[in-house]
Structures are given as C-alpha cells and as structure tokens.
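These values consider heavy atoms only, across backbone and side chains, with no hydrogens, waters or symmetry-generated copies.
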Amino acid sequence: VGVGEISKGLGLSIRKADQWFTALPASLKARFLALGLPPEAIEATLREVRSTADWPHAWIRTAQRYLGDFRRQTSASDEAAAAQARYSAALCYHIAQIYVQDDARTVRLCRAATASLFAQAQPYVAPTLQRLELPWRAGALPAYLAMPGERQTGRPPVALVTLLNGASTAKEETIAWAAPFLAANL
C-alpha cells in the first residue's frame with residue numbers, strides 16, 4: 001500500500017482523526033498489529049495524523065515517547081522493560097518512514113534509527129536471533145538468523161525460509177513474521 005493508495009482512500013485529510021485506523025487497508029492494519037506494538041499506541045498515534053504529511057511526525061513523536069520510557073526503565077535498572085521500549089521505538093521509526101513523501105533525509109534517518117535501536121534491543125527482546133553479515137557484491141548485507149528450537153545432532157536438517165524485505169519493509173519487521181515458520185519447525 002503506497003501513499004497514493006492511502007491518500008486516494010482517505011483524501012489528503014480526514015474529518016475525524018479516529019477514523020484513520022478503521023480507514024486503513026486491512027493489510028496495513030494487520031502489518032502494524034503483527035509488529036507487536038500495543039493497539040492503543042497505534043490508535044493514539046494515528047489520532048495525531050490529519051494528513052499523509054503528518055504521518056512521519058506522529059510516528060517519530062511516538063518513538064520519542066518510547067525512548068523516554070527506555071530512559072526511565074534504564075534508570076530503574078529494568079533491562080527487559082528498557083529493551084522492549086527501545087524495540088518499540090525502533091518499530092515506530094520504521095512505520096514513520098513508510099509514508100514519507102519527497103524527504104529522503106527523513107527516510108534515511110528513520111531507517112538508521114530503526115536498525116540501530118533494534119540492534120541494541122535485540123539481545124534482550126530476541127536473544128535467539130543471530131546477527132549475520134552476508135557478502136553481497138562489494139559489501140555486506142546485515143541479516144538475522146532464527147533457528148527453530150534447539151539443534152541436536154542426529155536430527156534431520158530443517159528447511160530454510162528466507163524473508164526478504166521490500167521497499168517499505170525493514171529486516172527488523174520481517175522478524176515479527178518469523179514466528180509461524182519457527183512454530184512449523186522451519
């Protein structure tokens with residue numbers, strides 16, 4: 001779903017801000033909920049959005065609120081809650097860049113924040129993931145590897161499922177999609 005599709009469906013502004021979530025395409029609603037952000041945080045952020053131009057700013061503000069929560073949890077020595085807040089901020093930065101129009105700098109900054117914050121939170125929120133660098137052309141592609149259960153000698157190998165991100169998707173988002181594959185021992 002692109003900016004044009006959402007704008008066409010909603011107009012460039014909306015009369016009631018609370019209609020944003022109900023007016024979003026079902027696939028986009030499912031995508032946001034699959035990320036694991038609390039539905040109330042999604043709805044509260046969407047209430048701030050009056051037009052597609054407001055989209056990144058609303059999500060960046062929500063990311064900043066999560067980073068404030070991260071700092072409070074860090075001060076309270078609650079590493080697990082701090083990591084979850086940092087992870088939620090990463091997801092908000094990711095969502096922020098989805099509907100950015102004509103601002104490559106904001107897209108780059110949001111993508112960098114997403115990757116950095118997720119990498120910092122990953123050992124706490126997804127400790128079984130292994131971060132990898134895959135050789136690609138003249139550089140390396142960052143990736144994460146998730147294995148189903150404990151590998152034991154003598155067990156047959158498991159199938160490999162590769163989740164590739166698209167133009168508006170980050171590898172950090174595809175991790176949320178991995179659970180059904182892992183549950184099927186893939």
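Here Glu48 pairs with Arg65 in a salt bridge; the nearest charged N to carboxylate O distance falls below 4.0 Å.
Put simply, the side chain of Cys110 does not reach to within 4.5 Å of the side chain of Val107, judged on heavy atoms. Cys92 has its side chain within reach of Tyr66: a pair of non-hydrogen atoms, C-beta onward, lies under 4.5 Å apart. For the pair Phe32 and Leu37, the minimum side-chain heavy-atom distance is 4.5 Å or more. Side-chain contact check for Leu33 versus Ile42: some heavy-atom pair is nearer than 4.5 Å.
Listed by chain and number, the residues in a ring pair (Phe, Tyr, Trp, His ring centres under 6.0 Å) with Phe118 are Tyr87, Tyr144 (sequence neighbours excluded). Not counting sequence neighbours, Pro123 has no partner by the side chain to side chain contact (heavy atoms under 4.5 Å, CB included) test. The side chain to side chain contact (heavy atoms under 4.5 Å, CB included) check on Ala112 picks up nothing, with sequence neighbours excluded. Listed by chain and residue number, nothing satisfies the salt bridge (charged side-chain N to carboxylate O under 4.0 Å, His left out) test with Arg108 (two or more places apart in sequence, or in another chain). Applying the side chain to side chain contact (heavy atoms under 4.5 Å, CB included) test to Thr128 and every residue at least two apart in sequence or in another chain returns nothing. Checked against side chain to side chain donor-acceptor pair (under 3.5 Å), Thr45 has the following partners two or more places apart in sequence or in another chain: Thr62.
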Original post:
Can you check side-chain contact (heavy atoms from CB on, under 4.5 Å) on Trp59 and Asp54, steps first, answer last?
Top reply: CA-CA 9 Å; Trp59 285 102; Asp54 294 336; over 6 Å; no
**OP:** Let me see the working for Leu91 and Thr114 under side-chain contact (heavy atoms from CB on, under 4.5 Å), right down to the final yes or no.
**Re:** CA-CA 7 Å; Leu91 296 175; Thr114 298; over 6 Å; no
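Through direct or indirect side-chain contacts shorter than 4.5 Å among Ile, Leu, Val, Met, Phe, Trp and Tyr, Leu67 is connected to Ile60, Tyr93, Leu117. Here Leu182 is tied to no hydrophobic group at all, with no ILVMFWY side chain closer than 4.5 Å.
Residue pairs satisfying the salt bridge (charged side-chain N to carboxylate O under 4.0 Å, His left out) criterion with at least one member in residues 131-146, sequence neighbours excluded, are listed as follows: Arg131-Glu133. Sorted by first then second residue, the salt bridge (charged side-chain N to carboxylate O under 4.0 Å, His left out) pairs that include residues 92-103, not counting sequence neighbours, number zero. Counting only residues at least two apart or on different chains, the side-chain hydrogen bond (donor to acceptor under 3.5 Å, both in side chains) pairs with a member in residues 75-86 are Arg86-Gln120. Sorted by first then second residue, the ring pair (Phe, Tyr, Trp, His ring centres under 6.0 Å) pairs that include residues 123-143, not counting sequence neighbours, number zero.
Judged by distance alone, the side chain of Gln73 and the main-chain N or O of Ala83 form no donor-acceptor pair under 3.5 Å.
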